[in-house]
Amino acid sequence: MMTFARVYQMPPRVAAGAFFLSSGLSKTRADRETAQGVHGMAAGTYPFLRKLDPEAFTRLLSKAEIAMGVALLVPAVPSLLAGAALTGFAGGLLGLYLKTPGMREEGSLRPSQQGIPLAKDAWLLGIGLGLVLDELLHR
């Protein structure tokens with residue numbers, strides 16, 4: 001049985017989905033320098049990514065973000081599935097925030113000025129968890 005997203009789930013899905021779709025589409029045009037920057041930040045936190053070529057990594061990230069955006073924007077994708085994927089992806093983004101030096105004020109979870117762009121990804125985790133919990137509680 002196919003379950004569609006509930007109407008009240010769509011505003012957070014659209015907000016997060018549009019963000020991911022835009023981010024993924026912008027990375028499709030990433031030049032070598034941009035790819036190296038994106039890859040360098042990710043590989044600094046997640047060393048297993050060092051094995052990937054920066055341009056290949058950025059293409060994969062672009063495709064993953066586009067897929068995430070579409071999954072969130074299409075109501076036919078079950079909210080449990082979309083929310084679980086978003087929660088996992090957001091967890092990885094927050095890992096960058098927590099593990100990258102200089103992103104937080106010393107001895108605090110508060111973001112430094114350079115950490116604000118990553119710290120804001122907490123809202124993505126909140127949306128993902130909200131979708132998952134809503135679906136689990138409605139079963």
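Positions are given from 1, in the same order as the sequence printed here. If you're wondering where the values come from, they're calculated on a predicted model, not measured in any experiment.
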**Smallest separation among heavy atoms of Q114 and G102, with atom names** = CG-O, 3.3 Å
**Item:** Atom of L118, atom of M41 and distance for their closest heavy-atom approach
**Value:** CD1-CE, 3.2 Å
**Request:** Would you list the pairs meeting salt bridge (charged side-chain N to carboxylate O under 4.0 Å, His left out) in which at least one residue belongs to residues 64-92, sequence neighbours left out?
**Result:** K27-E65
**Message:** Restricting to non-hydrogen atoms, name the atom on A119 and the atom on Y97 that form the minimum distance, rounded to 0.1 Å.
**Reply:** CB-CE1, 3.6 Å
**Message:** Is there a continuous path of hydrophobic side-chain contacts, each under 4.5 Å between heavy atoms, that joins V74 to V14?
**Reply:** yes
Residues 80-96, side-chain donor-acceptor partners within the protein, below 3.5 Å, at least two apart:
unit_1	atom_1	unit_2	atom_2	d
T87	OG1	G83	O	2.8
T87	OG1	G128	O	3.4
T87	OG1	L129	N	3.2

**Asked** Going hydrophobic residue to hydrophobic residue with side-chain gaps under 4.5 angstrom, can you get from I116 over to L98?
**Response** no
**Request:** Could you please spell out the steps behind the side chain to side chain contact (heavy atoms under 4.5 Å, CB included) verdict for L124 and F20?
**Result:** CA-CA 10 Å; L124 295 171; F20 269 102; 3.9 Å; yes
**Request:** Under the side-chain hydrogen bond (donor to acceptor under 3.5 Å, both in side chains) rule, what do R13 and S79 come out as? Steps first, then yes or no, please.
**Result:** CA-CA 9 Å; R13 285 181 64 155; S79 288; 2.8 Å; yes
**Message:** Surrounding NZ of K120 (heavy atoms of other residues, nucleotides or ligands, distance under 6.0 Å), is the total greater than 12?
**Reply:** yes
**Request:** Grab the two heavy atoms, one from W123 and one from A15, that are nearest each other, plus how far apart they are.
**Result:** CH2-O, 4.1 Å
**Prompt:** Got a donor-acceptor contact below 3.5 angstrom from the H138 side chain to the D134 backbone?
**Reply:** yes
**Message:** Side chains of V70 and L21, heavy atoms from C-beta outward: is any pair under 4.5 Å?
**Reply:** yes
**Message:** Within the 4.5 Å heavy-atom criterion, are M103 and T45 side-chain neighbours or not?
**Reply:** no
**Prompt:** Partners of D121 by side-chain hydrogen bond (donor to acceptor under 3.5 Å, both in side chains), sequence neighbours excluded?
**Reply:** none
**V38 with F48, same ILVMFWY side-chain cluster at under 4.5 Å** = yes
**Request:** Identify, with sequence neighbours excluded, every residue that meets side-chain hydrogen bond (donor to acceptor under 3.5 Å, both in side chains) alongside E55.
**Result:** R32
**Request:** Determine, using the 4.5 Å side-chain heavy-atom cutoff (strictly less than), whether V77 and M10 are members of one ILVMFWY cluster.
**Result:** yes
**Prompt:** Roughly how far, to the nearest 0.5 Å, is the CE atom of M68 from the CD1 atom of I66?
**Reply:** 12.5 Å
**Message:** Under a 3.5 Å cutoff, is there a donor and acceptor pairing between the side chains of T28 and S62?
**Reply:** no
**Message:** I127 vs L72, test: side chain to side chain contact (heavy atoms under 4.5 Å, CB included). Steps then yes/no.
**Reply:** CA-CA 11 Å; I127 291 171; L72 287 162; 5.6 Å; no
**Request:** Using modelled atom types only, decide if a donor and an acceptor are shared between the side chain of S22 and the backbone of F19 within a distance under 3.5 Å.
**Result:** no
**Request:** Can you tell me which residue pairs pass the salt bridge (charged side-chain N to carboxylate O under 4.0 Å, His left out) test with a partner in residues 99-108, sequence neighbours excluded?
**Result:** E105-R110
**Message:** Using modelled atom types and a 3.5 Å cut-off, is there a donor and acceptor pairing between side-chain atoms of H39 and backbone atoms of L49?
**Reply:** yes
**Complete:** Residues at least two apart in sequence or cross-chain that pass salt bridge (Lys or Arg N to Asp or Glu O under 4.0 Å) with R29, listed by chain then number, are none
**Fill in**
Note: P117 and Q113 closest approach over all heavy atoms is CD-O, 4.0 Å
**Non-hydrogen atoms of A42 and F57 that approach each other most closely** = CB-CZ, 3.6 Å
